[in-house]
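Positions are given from 1, in the same order as the sequence printed here. Numbering of ligands and ligand atoms starts at 1, following listing order.
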Amino acid sequence: MASRSRRKLVAIILAAGMGTRMNSQIPKVLHSICGTPMIDHVLASLKPLDVSQIYVVTGHLHNMVQKHVGHRARCILQKERLGTAHAVMMVRKHLQGFDGDVLVMCGDAPLIEAESLRSLVQRRRSHHTACAVMTTNLGEPTGYGRVVRNRDNTVRKIVEEKDTNTYEEKINEINTGTYCFDAKALLRALKDVSNDNAQKEYYLTDVVEILNEYGEEVEAQVAEDPTEVIGVNSRRDMAMAERYLRRRILNRIMDAGVTIVDPATTYIDHDVSIGIDTMIHPFTIIQGNTVIGESCEIGPAVTMRDSRIGNNVRVRNAVVEEAAADNDVTIGPYAHVRPGTLLRRESRLGTFVEVARTDLGEKAQIPHLSYLGDAHIGPECYIAAGTMTCNYDGSSTHRTEVGENAFIGANSLLVAPVRVADGAQAPHNSLVDESKAEKLSTNALRPSRKRSRKTAAGKKSSRTRKSSTKKKSSR
Ligand code: UD1
Ligand code: CA
């Protein structure tokens, strides 16, 4: 990889700030935007680039950030926070003799995209300037450093808001805090940065003017989409970043062939993956590492987190967490699918059903008003309305096993630990414990497993055909 571009590239992410305006007990860069901590967004933007080393400058709550970052980058402690240039100075000893490019970014700018970083680096390299800085134009530039240009359009200096004069204050072009430096030029200029300014800080932005004094050139790369370079300093900024990123995620998902009926009420996390021709209905939240297959219908009003959903699955008005559903499963309306649950192919969970740590067999059904916890339900079982597993005895939980093709009548209690045999028939209103389970009749109320299997094959294909044509025509 390194052979492709001769020059090496390292990245420095500045993340030592107190994040005072966040008013938080956790470091700013660990706050999440669309389900992913800000620092992870920044690290992800560097991934497609050929970066040989990433340094994260940490200070406030250093250990928390370091633990989170792990092996992905080298964390360098900035004991005293004396400004952004001072933060970069912390990395200086690692850059001695380094003859390449240094990308400097802010840990609190989570929306930056790899493509913009790549062109920033390319610009500096192709124009052989000492620095290329990413800027953008904002109608409301308050809070950002302003970009002052030379007559030849190169950048003369960046003035922090608190140091602006009345003319500079009105400049709409702002510094995004993302730069690509020639390493040698950066190291040289850092030595001349002073803290003679309104905030008594060592500003990295001063490097720009210093380079000009050396006779070096600094170029600006103007980001066309200002939402990409937003810096998060407060929870209000976070909400704004969340809105922009959410829209970006939804657009990406729609472009990949997923219908989102109402983007305004749909919240999908950054790492979620959704298959083609799936339809997401309003008021739906899909979080974490959820993977959804093709041709599903999710929502309205579904909250789903860290779950794995197959193809052609229908989920309505439900909460699904750390669970899995195979192809052709139906969930809800009004179901709670809790962690550790596996719903196998063509199984069905109906209205007001809660399941936890349960393996529901193929074509098994729990159509109404039931609670199953720590259960293994065999294929083609029918669990009638009002069935409960009594899985918790006040101190520990126990398992319920129901064999294949069993029938549990309405309003029954399965007192765990209990094992119900294949084909067993529990009448309505049963209290099934281990001893009673052995006495249950088998196959008295339902057709035998053999018979149902025979008919099931023919029936099944016609049923699925019907349901799939129905779905097509409804779209
Ligand atoms: C900085 C820029 C400003 C730019 C803005 C973009 C400077 C002086 N100003 O301002 O021109 O418009 O970003 O968002 O660079 N940090 C450290 N150590 C420190 C101080 C800061 O690591 O001693 C880190 C912070 O954690 C943060 C980043 O540097 O991630 C920027 O610092 P911040 O204080 O947010 O600077 P701004 O005032 O936003
Ligand atoms: Ca900032």
Item to check | ligand 1 atoms in contact with G107 (distance to a heavy atom under 4.0 Å) | outcome: 30 (O)
Next on the checklist: Between R305 and E322, does any side-chain N to carboxylate O distance fall below 4.0 Å?
Outcome noted: yes
Next on the checklist: Does this structure show an ion pair linking R338 with E354, if we count only N-O contacts that are shorter than 4.0 Å?
Outcome noted: yes
Checklist entry - Ion pair present between K157 and E168, side-chain N to carboxylate O less than 4.0 angstrom? => result yes
Checklist entry - Quick one: nearest non-hydrogen protein atom to atom 32 (O) of ligand 1, plus distance? => result T84 CG2, 3.8 Å
Checklist entry - Does the protein put a heavy atom less than 4.0 Å from atom 38 (O) of ligand 1? => result no
Item to check | Atom CZ of R308: over 12 foreign heavy atoms under 6.0 Å | outcome: no
Item to check | Residue-ligand contact A15/ligand 1, heavy atom below 4.0 Å | outcome: yes
Next on the checklist: If we set the cut-off at 4.0 Å for heavy atoms, which region of L82 has an atom near ligand 1: side chain, backbone, both, or neither?
Outcome noted: backbone
Checklist entry - Considering only heavy atoms, does T176 approach ligand 1 within less than 4.0 Å through its side chain, its backbone, both, or neither? => result backbone
Checklist entry - Among protein heavy atoms, which sits nearest to atom 35 (O) of ligand 1, and what does the distance come to when rounded to 0.1 Å? => result D108 OD2, 3.4 Å
Item to check | Protein heavy atom at shortest distance from atom 13 (O) of ligand 1 | outcome: C106 SG, 4.4 Å
Checklist entry - What atoms of ligand 1 come closer than 4.0 angstrom to any heavy atom of A87? => result 17 (C), 18 (N), 22 (O)
Next on the checklist: Angle between ring planes, F352 versus Y334, binned at 30° and 60°: parallel, tilted or perpendicular?
Outcome noted: parallel
Item to check | Within 6.0 Å of CD in Q96, more than 12 heavy atoms from elsewhere | outcome: yes
Checklist outcome for this item: Nearest non-hydrogen protein atom to atom 24 (C) of ligand 1, with distance, is L14 CB, 3.6 Å
Checklist entry - Can you tell me how far CG of N212 sits from OG1 of T154, rounded to the nearest 0.5 angstrom? => result 6.0 Å
Next on the checklist: With a 6.0 Å cut-off (strictly less than), is the heavy-atom count around NZ of K93, excluding the residue itself, greater than 12?
Outcome noted: no
Checklist entry - Among G83, A16, G59, G17, which residue places a heavy atom closest to atom 19 (C) of ligand 1? => result G83
Checklist entry - When you measure from atom 5 (C) of ligand 1 to every protein heavy atom, which one gives the shortest distance, and what is it? => result N175 O, 4.0 Å
Item to check | N233 touching ligand 1 at heavy-atom level, < 4.0 angstrom | outcome: yes
Item to check | Near the Ca ion (ligand 2) (under 3.0 Å) - protein N, O or S atoms | outcome: D108 OD2, N233 OD1
Checklist entry - How long is the gap from CG on L186 to CD1 on I210, to the nearest 0.5 Å? => result 10.5 Å
Next on the checklist: Tell me whether the NZ or CZ atom of R246 lies within the 45° cone about the ring axis of Y267 and under 6.0 Å from its centre.
Outcome noted: yes
Checklist entry - Can you tell which part of E201 has a heavy atom less than 4.0 Å from ligand 1: side chain, backbone, both or neither? => result neither
Item to check | Cationic N near anionic O, under 4.0 Å, D101 to R7 | outcome: yes
Checklist entry - Which is it for D328 and N312 under the side chain to side chain donor-acceptor pair (under 3.5 Å) test, yes or no, and what are the steps along the way? => result CA-CA 5 Å; D328 304 298; N312 201 31; 2.5 Å; yes
Checklist outcome for this item: The atoms of ligand 1 lying under 4.0 Å from a heavy atom of G145, numbered in the order shown, are 3 (C), 4 (C), 11 (O), 12 (O)
Item to check | Numbering as shown, the atoms of ligand 1 that approach R81 to under 4.0 Å (heavy-atom distance) | outcome: 18 (N), 19 (C), 23 (O)
Item to check | Which atom of E161 lies closest to which atom of P141, heavy atoms considered | outcome: OE1-O, 4.2 Å
Checklist entry - Side-chain donor-acceptor pair under 3.5 Å between Y214 and D192, yes or no? => result yes
Checklist entry - Can you tell me the protein heavy atom closest to atom 18 (N) of ligand 1 and the distance? => result Q78 OE1, 2.7 Å
Item to check | Part of E160 within contact of ligand 1 (heavy atoms, under 4.0 Å) | outcome: side chain
Checklist entry - Are R81 and E201 within salt-bridge range, i.e. N to O under 4.0 Å? => result no
